[in-house]
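Here the structure is laid out as structure tokens; the discussion comes afterwards.
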Amino acid sequence: MKVKWTCLKKDEGSMARRGRLETPHGTVETPVFMPVGTQATVKAMTPAELEEMGARILLSNTYHLYLRPGADLVAAHGGLHGFMQWQGPILTDSGGFQVFSLGELQKIREEGVEFRSHIDGSKHLFTPESVMDIEGKLGADIAMAFDECIPYPATYEYAKAATARSGRWAARCKAAHCRENQSLFGIVQGGMYKDLRAQSAAELVEMDFPGYGIGGLSVGEEKPLMYEVLEHTTPLLPQEKPRYLMGVGSPDCLVAGVLRGVDMFDCVLPTRIARNGTLFTSQGKLVIRNSQYKEDMRPLDEQCSCYACRHFSRAYIRHLFIAGEILGARLATIHNLHYLVSLMAELRLAIEENRLGQTAARLLNAWGY
RNA sequence: GGAGGGAUUCCCGAGUUGGCCAAAGGGGGCAGACUGUAAAUCUGCUGGCACUGCCUUCGAAGGUUCGAAUCCUUCUCCCUCCA
């Protein structure tokens, strides 16, 4: 089966939607946050822990798994689900972001992207066709089209050419994509230029994908600009298809994204900053290494029900970080993911109960907006 | 009792042909950053102050010198080896 998204309710005071995404590996309530497991693992988490904290769909990455351990080994396990032992839905990113983030290591051509492995420097070529083949072997429920995440700032000329190229690549991805039980999402680009966003969206809508990624945002631009481009872009996409804002984000950005009609999000932020000692809390962020928590007996967040908050004090978790103990990173990751997953559940409920406005205002206020 | 080595800024530890030394480097400490993961990573600060300069500091006291962590004298403590 292919994925199918159903809108259950539209918020009256905003562009937000409450929906349901059905996939070959189960149903996902939206808006949803998807934890990122780049290398077929959400860093430091077991599938059981992810399930317990409420995660329902994960992200993984084509570029990384292609280089190591190779798509064939994953396929030999029956795809990512068997390989990483996650029974729920999975979405794979195409490697388009690595084209952006690996910078000097790549050369972009019409055919595709020639790049050097960040692991051993070896040369490789990604084309829309090869990426579809790899994503097919990885076997996620949703595969993202191979695109180019345009840097910021970018000139109009560059953004225009890159966006047009990503559009052509999207068409080639669609033509090459053949795996059963997998759906291909197109990705809207256009940089920060509204006419390019409109053009990109129109082309992709014409190709009729089952869902749309909004890429190229949160790449260094100021938030007001990102929100402006986002709220210009979402209305350009079909009402009946899911929208996925790629690479976002922080708690405030998730709220802002939902208000602007986004249904799916992913971001490395919660897991990365967790490992680096920063926690999301109902009172804003908390840097657990700070000396003020040395003897703090309270949980990370007194309003949180995650495993870490049910059992441990700030003083203990701080101690783990200071001592370099791996459990600190694990507990912090559990907490941050739980926070975002719960945040999304709260937003879904608020949409259902017609009080998204107040809920969003309260959350944005907690994060200083 | 004899011979030798050493004491440096919170810790370890460079520096000892005198100036470029408030003093390398590491640790520790204190902060900050992180948004489709080249990240359990990276960055900054870490004697005091009235801070483009001044003051105090390299075991203690005294001395040589324009100038001393660096040279000389005495003292204190520590370590190694020989009796």
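These numbers come from the heavy atoms of this one structure, side chains and all, not from hydrogens, waters or symmetry mates. Fair warning: this is a prediction, and the values are worked out from it, not measured in the lab. So that the names make sense, note that chain A is the first sequence line, chain B the second, and so on, each numbered from 1.
- The shortest heavy-atom contact between A:Met144 and A:Glu135 is O-OE2, 2.5 Å.
- The cluster map of Ile, Leu, Val, Met, Phe, Trp and Tyr, joined by side-chain heavy atoms under 4.5 Å apart, puts A:Phe115 and A:Val131 in the same cluster.
- B:A69 and B:U8 have their P atoms separated by 15 Å, with the value rounded to a whole Å.
- If you check every strand for non-hydrogen atoms under 4.0 Å, A:Gly213 touches nothing.
- Remark: B:A60 base-pairs with B:U74. Criterion, Watson-Crick or G-U wobble with two distances under 3.5 Å.
- Look at the C1' atom in both B:A23 and B:U46: the space between them is 14 Å, to the nearest Å.
- Taking the six-membered ring where tryptophan is involved, the planes of A:Tyr316 and A:Phe312 are essentially parallel, since the angle between them stays under 30° and well short of 60°.
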Sequence-aligned protein contact record of nucleotides 37-43 of chain B, with B where the base is within under 4.0 Å of a protein heavy atom and S where only the sugar-phosphate is:
BBBBB--

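- At the phosphate of B:A31, OP1 or OP2 sits under 4.0 Å from a side-chain N or O atom of A:Ser291.
- Within residues 177-192 of chain A, the residues that have a heavy atom under 4.0 Å from RNA chain B are, in order of number, A:Ile187, A:Gln189.
- B:C71 and B:U16 are spaced 10 Å apart, taking the P atom of each and rounding to whole Å.
- Comparing the P positions of B:G59 and B:U65 gives a spacing of 23 Å, expressed to the nearest Å.
- Atom-to-atom, CG of A:Leu217 to C1' of B:G36 comes out at 11 Å; the value is rounded to the nearest Å.
- Base-pair partner of B:A14: not found among the strands shown (Watson-Crick or G-U wobble, both distances under 3.5 Å).
- Both A:Lys285 and A:Ile150 lie near RNA chain B, and the one whose nearest nucleotide falls closer to the 5' end is A:Lys285.
- Pairing for B:C81 goes to B:G2, judged as Watson-Crick or G-U wobble with the two contacts each under 3.5 Å.
- Criterion: ILVMFWY side-chain heavy atoms under 4.5 Å apart, direct or through other members. Under it, A:Met246 and A:Val42 are not part of a common hydrophobic cluster.
- Of all nucleotides present, only B:G29 satisfies the Watson-Crick or G-U wobble test against B:C45, with each distance under 3.5 Å.
- Using a 4.5 Å cut-off on side-chain heavy atoms (C-beta onward), A:Leu8 and A:Glu29 make contact.
- What separates NZ of A:Lys294 from P of B:G28 is a distance of 14 Å, to the nearest Å.
- Within a 6.0 Å radius of NZ in A:Lys160, other residues, nucleotides and ligands contribute 12 heavy atoms or fewer.
- Separation of the C1' atoms belonging to B:G18 and B:C72 is 13 Å when rounded to the nearest angstrom.
- Remark: P of B:C30 and CZ of A:Phe321 are 15 Å apart, rounded to the nearest angstrom.
- Residues A:Asp266 and A:Tyr244 have side chains in contact (heavy-atom distance under 4.5 Å, counting atoms from C-beta outward).
- On the P atoms, B:A7 is 14 Å away from B:C58, given to the nearest whole Å.
- Pairing partner, B:C34: none, since no Watson-Crick or wobble contact has both distances short of 3.5 Å.
- Between A:Phe280 atom CZ and B:C34 atom C1' the separation is 10 Å, expressed in whole Å.
- Counting only heavy atoms from C-beta outward, the side chains of A:Lys174 and A:Leu184 approach each other to under 4.5 Å.
- Taking atom C1' in both B:G13 and B:U17, one finds a spacing of 23 Å when rounded to whole Å.
- One interatomic measurement links the two molecules: CG of A:Asp263 to C1' of B:G36, which rounds to 16 Å at whole-angstrom precision.
- In this structure, CD of A:Gln292 is placed 16 Å from P of B:G29, rounded to the nearest angstrom.
- Both A:Val255 and A:Ile273 sit in one connected hydrophobic cluster of ILVMFWY residues. Membership requires side-chain heavy atoms under 4.5 Å apart, directly or through other members.
- At the heavy-atom level, A:Ser117 lies nowhere under 4.0 Å from the strands shown.
- Between B:U52 and B:A22, the two P atoms lie 16 Å apart (nearest whole Å).
- The nucleotide whose nearest atom lies closest to any side-chain atom of A:Ile322 is, among B:G36, B:G29, B:U35, B:G29.
- Within the 4.5 Å cutoff, no side-chain heavy atoms of A:Glu148 are placed close to those of A:Val113.
- Ring to ring, A:Tyr63 and A:His124 are not that close: their centroids are 6.0 angstrom or more apart.
- As a whole-Å value, the separation of A:Asn290 CG from B:G29 P is 13 Å.
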